[in-house]
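Below is one structure, written out as structure tokens; the observations come after it.
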Amino acid sequence: MAIKTQPVTVNLGPQHPSTHGVFRMRVMFDGEEIVDVEPVFGYLHRGSEKLAEERTYTQIVTLTDRMDYVSSMLNNQAYILAVEKLAGIEPSPRGVWLRMIASELQRIASHLVATGFLLQDLGALGTPLIYAMRERENILDLFEMLCGARITNSYLRPGGVFMDAPAEFWPALDRGLGDILNTVDELETYLSGNEIVFSRTKGTAVLPKELLINASITGPMLRASGVDWDLRHRAPYDYYDRVSFDRILHTASDNYARYWVRVQETRESVKIIRQCIEQIEPGDVRPSFDEVPRLIRPPVGDAYAAIEGSKGELGFYLVSDGSIAPYRMHVRASSLINLTLLRDMLIGGQFGDLFVTFGSVDLNMGEVDR
Amino acid sequence: MTGPKLIDPYGTPAGADPRGALQSITLDLDRTEGESVNKMKSTHLEPFPDPVLEVPDDLKRSVIVSSVDYLLNWARKSSVFPLQSGLACCSFEMISAAMARFDLARFGMEAMRASPRQADLLIVAGTLTWKMAVPLRRLYDQMAEPRWVISMGVCATSGGPYYQSYSVVPGVNHIMPVDVYVPGCPPRPDALLYGIMQLHDKIRRYSLNGQAAGRE
Amino acid sequence: MTTVWSGGALAEAIEAFAPGSVESSAGSDVWLKPESISTVCEGLKIRSEFKFDLLSSLTAVDYIDHFEVVYHLTSLPMNASAVLKSRVGHGRTEASIASVVPIWRGADYQEREVWDLMGIRFDGHPNHKRIMLWEGYPGHPLRKDYVTYDQSIASTAPGAADSLKGAE
Amino acid sequence: MGQAFLDNSLWRNIYCVLAGDSASCASRGYSDGFLPGGLEWLAFLLAALAIIGLVVNGVLGGVIVLIWGERRLFGRFQSRTGPNRWGPFGTLTSVADAVKTMFKEDIVPADADRILFNLAPILIAAPALLVFSVIPFGVGTYVADLNVGVLFVMAITSLTTLSVLTAAWSSGNRIAILSALRSVALLISYEIPMALAVVGVIMLAGSMSLGDIIVAQGVPFILVQPLGFFVFFIAAMAEMARAPFDLTEAESELAAGYLNDYASMKFGLFFLAEFMAEISTSAIITTLFLSGWRGFDPIPSHFWFGAKLIAVLFVIIWFRMTLPRLRVDQVLKFAWKGLFELTMINIVVTAILIAIWPEPTTANLWAMAAVNWPVAIISIYLVSKLLGTAPYDQPLPDPNAPSYPVGSESIPASSVLGAETTSAPVQARIQEEGGQ
């Protein structure tokens, strides 16, 4: 006798321990199997794009901090690159090296957060998360040395950064890089070979790479499927063409592959920072105010600049009408676009995997809703 | 014995293949939600007054009441369970406060409850949008009294950098009364800890004779 | 290094397979006629001389007298990028353009966002509803003529909402 | 009256001080009791109430200490301090929790089935306490020595799931019901390996009484029955719904699970029951496999029992802190395909050994241990090979030869845009911006 069941629809979020912020899903279950999912966005929609139209180009840097609040430096960098492209500003070399160091540190912090929360979603009661966040605190200390803020940095300015790193930053950075490698080794030892982690993440939420590309998904998610697409390598911005690093690829394109790619990429970021420290030279960290005034008036036109953010291609599209404020700012938010295939990943899967898959996408509600 | 009603508001027909059906039947729900948001936006125009404590006169205090007060207030302040709910940037500083370096657990606060029924403290950590105001108010209503609210960061306090935005609530005190405001954008974890100390101080001063603790 | 298609060359190449679809071109940009956007995008994705398999970004700009939808395309095999634009909605209320979701699924949420915030309709979108704001929100905030904060509160007051419904 | 209980030192001490029953107490060195003669029945009643009060309050106090200890241990595992503000070393933190929880508002949701909703916390707390009635805490220290003690424990611990189901159903909360269904699935699957794992112990001891089982453990049964211990420990973790089997309360999936709508002391009772279950499970493991209160002589037996109990608790907390959660299907697969087979192997091997040594002496027990350990190691290894996840069969791609053709072709050179004109002029000028 076949048992007839009726699917049950449950609302998850916007307040839920593992929706990484104020994300909401309507999920339809049949037993433990997910039948349908509908994401609901907008619980953190703050209207940054509209507010940017009333602020000067330098003031907008503070708004970009608060979009993806676990990778503020990367947001700053993407925005500053767009402004520099729009206004034709030539950045000063020391500033560029400093912002490369800052953004790679931020990438490590972001990947650590992603890894920690993924394991939290897997059900580890906080321990891996706390170990990852402990290392993140050290990185935030480095940011405090650079700019005085922990997570909303506003460190970058058109043409470079707003102040030079203090003398004690460099030994601290050197120490910190060693600590990061230790933490990553520790995480790998305990987690990558753990049978429970492996059995729960292997083969779940597999996405073919053609589908990923068609859905505009970039970043670690795309690289976990074996597509060698890293803007730092394919479209080098700043001085990424002067450093060498390995591109981390995996073929499985499942949750484990995404986790693995993130963990490995932290090592590559450390490698990049080491090369930056070798190549950085004394000089001004930004052009003088004669060359790049406080109130920038870019020529009429538009520019789109994208960087390899911690979650994927992070792009800023700016339209200038020649005034001190942009006529239109648009953010190509990788977190939002990476969620395009959420339904494909979840439908047919188990309820227990729902938040693991969700965590493996690594999204940030500030960036999803802006 | 009849069980509780479990009506499916989504109205899935039994037996029909529900795969992919969800998004076509939820527009009405979205409209209902939108109505409630619009209603909240049009009715919550003025901030709630901040709950001010009247410390009762010493003469009114009997020995028994004040020692019961002492025990009760001590217990309440020593075991404040925060609700596990973060809105925006500040939530990461809230998480940092619970992590190894700042360690909220020292004050017995690591028991972050996922369900509002069991929580005592709602830390509004981050920008509150009108769309989120409805669920947040519901969370507040679901919490058992006595309950406290900390408004963390300028976004929650007044709208902050998003003050003029079309979708941001200009201060969480429009939605619910707030006990402690923690300024900063975002406040450092130490600042949040200081705010929690202030809340402890406040809880200590309630009395059974006076105003009931943690009521709206 | 990613190479950028020059607008002129791209316009010529598009004209070769879809005659009469290009409006103009300058710099890196090609302006397409809104009615031909589906044909051109499909060609750009499939044809071997373009292979634009990744839609980087889709957005819209309000130029008061018209809207402009902007597509940033990337071709992974060729490591090349291009910018397509299209002017739509010379009447402000009925701006609409064909959806590119059947071609690139990545456009799904981005088109919903543009509809929500800018008010441009995408015909053929599978789930065409608001994404960021709530249903019943008056107007589209990223338009240049959108009323500011305080007025929007007044407009959602009871009674005022009914008069706005017609405009929506 | 009362002779039957005289082996129970806990009972004897209270009864004889009260009644001074000359017939049974004087011979054991007790002088006259407080109560006049003829009131032995009152002494009997009072002694029984006193024992119940002692055990219940002892367990509740133990829970308070356990919660504090667990939180401190969490701190140590997570490289932080844990509660340390209220009272010395934070010992009063859990006391504050208890007092506060009692004085919270009690909420009954409008959708709830009021009777069942209020009944469920009692239903879960009572069985959790009942288990302690058969556990021997030391030499002759127990509430009752049932001759079917093991069966009693099995039966009583299963009741927990019933109350979880009641709680979830009566709250009218879908997430709670999902959680309760998982709880039932866990119970049905793990009850069987759990019961079968004890069969080896019962065969060796020749009795189902927990007291007799301790007496039979000349060698702790963890050494004689490694496979049984392994299965029983895991099954007990699953029955308690502790990590890595905490599917019912999976915080990252179901928020608070079946507790979602419980507030105030009703929630407190669930919380208590959960920790009482942890203590009772540890006590049972101690009794069945770690030779209970047995130890070396100058140190009293209660101390041995407590020390072993704390050691087991520590391991449980350690597991909880370290391991992520399993998925439902994996948990069930593990029970039916892994643990069930292991218990079968264990029963067969033990039966053969019992046939060889029908009345095992201590030397025989050591010999059994020598046979059982290789069997345990080999069978666990085989089962882990059988159930383990296979590694990836494809090698990692070489970045220089990726499968997707990225950057393999290029556009014609004549089509490439010169670098100087990336910013195209915007066609329409904006009217209002002239003044800026």
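Values in this document were obtained by computation on a predicted structure and should not be read as measured data.
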Report which part of B:Arg113 has an atom under 4.5 Å of a heavy atom belonging to chain D: side chain, backbone, both, or neither. side chain
Contact between D:Asp97 and B:Phe81 at the side-chain level, heavy atoms closer than 4.5 Å - yes or no? yes
Side chain from CB out, backbone as N, CA, C, O: work out which of these in D:Phe267 comes under 4.5 Å of a heavy atom of chain B, or both, or neither. side chain
Nearest 0.5 angstrom please: D:Ile107 CD1 to B:Asp141 CG, how far? 9.5 Å
Non-hydrogen atoms of D:Ala96 and B:Ser78 that approach each other most closely: CB-CB, 3.5 Å
Could you check whether any side-chain N or O of B:Gln118 sits under 3.5 Å from a backbone N or O of D:Gly268, counting only pairs where one atom can act as donor and the other as acceptor? no
Please classify the contact of D:Phe271 with chain B as side chain, backbone, both or neither, using a heavy-atom distance under 4.5 Å. side chain
Would you call the rings of D:Trp86 and B:His200 parallel, tilted or perpendicular, where under 30° means parallel and over 60° means perpendicular? perpendicular
Separation between OG of B:Ser115 and CG of D:Asn173, rounded to the nearest 0.5 Å: 8.5 Å
Distance, nearest 0.5 Å, that separates CZ of B:Phe107 from OG1 of D:Thr93: 11.0 Å
Interface moiety of B:Gln142 toward chain D, non-hydrogen atoms closer than 4.5 Å: backbone
Quick one, B:Trp74 and D:Val99 - any side-chain contact, counting heavy atoms below 4.5 Å? no
Is the CZ atom of D:Phe77 crowded by more than 12 outside heavy atoms at less than 6.0 Å? yes
Flag the one option from D:Gln78, D:Arg71, D:Arg72 with the top tally of heavy-atom pairs under 4.5 Å to chain B. D:Arg71
Going from OG on D:Ser264 to CZ on B:Arg117, what distance comes out if it is rounded to the nearest 0.5 angstrom? 12.0 Å
Do side-chain atoms of B:Arg106 reach the backbone of D:Gly82 as a donor and acceptor pair under 3.5 angstrom? no
To the nearest 0.5 angstrom, please state how far the CZ atom of D:Phe103 sits from the CG atom of B:Leu71. 7.0 Å
What distance do B:Glu145 atom CD and D:Lys104 atom NZ have between them, rounded to the nearest 0.5 Å? 8.5 Å
Are D:Lys100 and B:Leu72 close enough that some pair of their side-chain heavy atoms sits under 4.5 Å apart? no
Tell me whether D:Phe89 at atom CZ has more than 12 heavy atoms from other residues, nucleotides or ligands lying less than 6.0 Å away. no
If you take all heavy atoms of D:Arg80 and B:Ala98, which pair is closest and at what distance? CD-O, 4.5 Å
